[in-house]
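The block underneath contains the structure these notes are about, expressed in structure tokens.
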Amino acid sequence: KHFGHAVELRAMVAIDEITRGSARIVGVEINREVISWPLEQPEFRLAEFLAQPHALLVNAEAREFLESGDTLYDSILLSWSGANMSYYTGAAGHQARYVYTREGLAAVLESLAERGWVTILNTNKIRVMAAFRSLLEERGVADVGRCFVLLDDPASERSDWRRYWDENR
């Protein structure tokens with residue numbers, strides 16, 4: 001199995017623990033600082049994790065990375081669109097904007113194995129689902145509505161859809 005993962009580096013370690021080292025895990029991060037700082041933090045165990053032959057972390061933009069290779073992934077996780085309060089205050093740049101375009105999401109679909117899946121955390125789910133729906137219909141997928149699962153934890157304070165549903169415009 002191949003797992004593609006963008007941005008949340010500690011999640012790579014968690015996925016490895018869940019799969020008990022049986023999966024090839026590829027992380028893609030555009031910002032060098034987001035790679036170098038966690039590597040220096042022993043509690044993240046990222047350096048130890050990346051020393052394993054089935055783990056790879058690439059400094060690249062996710063869409064370009066997917067379009068430049070021919071690997072098919074069983075799972076692709078896009079964990080963060082890059083826009084949070086630091087973006088809106090000007091303290092950080094929105095660096096994941098290309099993978100969240102229609103063309104970027106097409107690259108994600110084209111990089112999936114036959115029975116693969118995409119997990120999108122954060123960002124505007126309605127816009128992403130609409131783009132995926134259009135792309136799936138173009139590819140002749142029947143009953144596109146069965147291709148989506150939207151999860152929510154109503155007990156979580158973060159599940160207030162009026163605040164977080166459209167957090168990343």
Side-chain angles (χ1 to χ4, degrees), residues 1-31 34-35 53-84 87 93-154 156 158-159 161-169:
K1 293 195 179 266
H2 284 82
F3 287 83
H5 184 269
V7 183
E8 182 61 44
L9 303 177
R10 287 182 291 176
M12 292 176 64
V13 175
I15 291 168
D16 187 52
E17 289 171 355
I18 291 168
T19 63
R20 295 185 177 138
S22 66
R24 172 95 169 120
I25 300 174
V26 179
V28 179
E29 171 54 52
I30 193 170
N31 186 336
V34 174
I35 295 172
H54 64 277
L56 175 65
L57 180 57
V58 179
N59 182 215
E61 191 276 321
R63 175 179 164 187
E64 179 183 17
F65 175 82
L66 291 172
E67 290 175 340
S68 67
D70 58 1
T71 300
L72 296 179
Y73 296 91
D74 295 303
S75 174
I76 297 177
L77 169 64
L78 301 173
S79 65
W80 186 52
S81 73
N84 64 6
Y87 169 71
H94 193 308
Q95 298 175 337
R97 65 181 172 257
Y98 301 111
V99 77
Y100 283 96
T101 63
R102 189 174 194 285
E103 296 81 5
L105 295 174
V108 169
L109 282 179
E110 290 162 10
S111 298
L112 282 178
E114 184 177 337
R115 298 189 56 85
W117 71 87
V118 178
T119 302
I120 307 284
L121 303 176
N122 211 345
T123 205
N124 183 311
K125 308 303 185 292
I126 298 297
R127 290 181 185 165
V128 170
M129 288 189 325
F132 274 130
R133 179 184 183 122
S134 172
L135 291 164
L136 291 168
E137 287 173 345
E138 286 175 9
R139 287 162 172 73
V141 173
D143 203 5
V144 172
R146 295 179 54 88
C147 295
F148 299 97
V149 176
L150 186 60
L151 302 176
D152 180 35
D153 178 3
S156 170
R158 292 180 48 102
S159 71
W161 66 270
R162 293 166 295 187
R163 179 172 176 212
Y164 287 97
W165 187 263
D166 195 19
E167 179 182 12
N168 305 121
R169 293 175 169 65

Kindly compute the distance separating [atom1] ([X]) from [atom2] ([Y]), expressed to the nearest 0.5 Å.
X    : Y    : atom1 : atom2 : value
I120 : F148 : CD1   : CZ    : 10.0 Å
I25  : L57  : CD1   : CG    : 11.5 Å
S75  : I15  : OG    : CD1   : 6.5 Å

What's the shortest heavy-atom distance between [X] and [Y], and which atoms?
X    : Y    : result
C147 : L136 : CB-CD1, 4.0 Å
Y100 : V128 : CD2-CG2, 4.1 Å
A62  : V99  : CB-CG2, 3.9 Å
A107 : E67  : CB-CG, 3.6 Å

Keeping the roles fixed (side chain from [X], backbone from [Y]), state whether a donor-acceptor pair exists under 3.5 Å.
X   : Y    : value
S22 : T19  : yes
N59 : E29  : yes
D74 : G116 : no

4.5 Å side-chain heavy-atom contact, H54 and D16: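 In short, these two side chains touch, coming nearer than 4.5 Å.
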
Residues R24, L56; criterion side-chain contact (heavy atoms from CB on, under 4.5 Å); working and verdict: CA-CA 8 Å; R24 172 95 169 120; L56 175 65; 3.5 Å; yes

side-chain contact (heavy atoms from CB on, under 4.5 Å) evaluation trace for Y73 with V108: CA-CA 9 Å; Y73 296 91; V108 169; over 6 Å; no

Verdict with reasoning, L112 to W117, per side-chain contact (heavy atoms from CB on, under 4.5 Å): CA-CA 7 Å; L112 282 178; W117 71 87; 5.8 Å; no

side-chain contact (heavy atoms from CB on, under 4.5 Å) evaluation trace for T119 with I76: CA-CA 6 Å; T119 302; I76 297 177; over 6 Å; no

Extract all donor-acceptor atom pairs below 3.5 Å that involve side chains of residues 138-145 and protein atoms in other chains or at least two apart in sequence.
unit_1	atom_1	unit_2	atom_2	d
E138	OE1	R102	NH2	3.4
E138	OE2	R102	NH2	2.4
R139	NH1	L135	O	3.1
R139	NH2	E110	OE2	2.9

Partner set under side-chain contact (heavy atoms from CB on, under 4.5 Å) for E64, not counting sequence neighbours: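 Here the qualifying residues are E61.
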
Residues which pass side-chain contact (heavy atoms from CB on, under 4.5 Å) with A130, listed by chain and number, not counting sequence neighbours: none

Partners passing salt bridge (Lys or Arg N to Asp or Glu O under 4.0 Å) against E137 (at least two apart in sequence or in another chain):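 With sequence neighbours excluded, E137 shows a salt bridge (Lys or Arg N to Asp or Glu O under 4.0 Å) to R133, given in chain and number order.
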
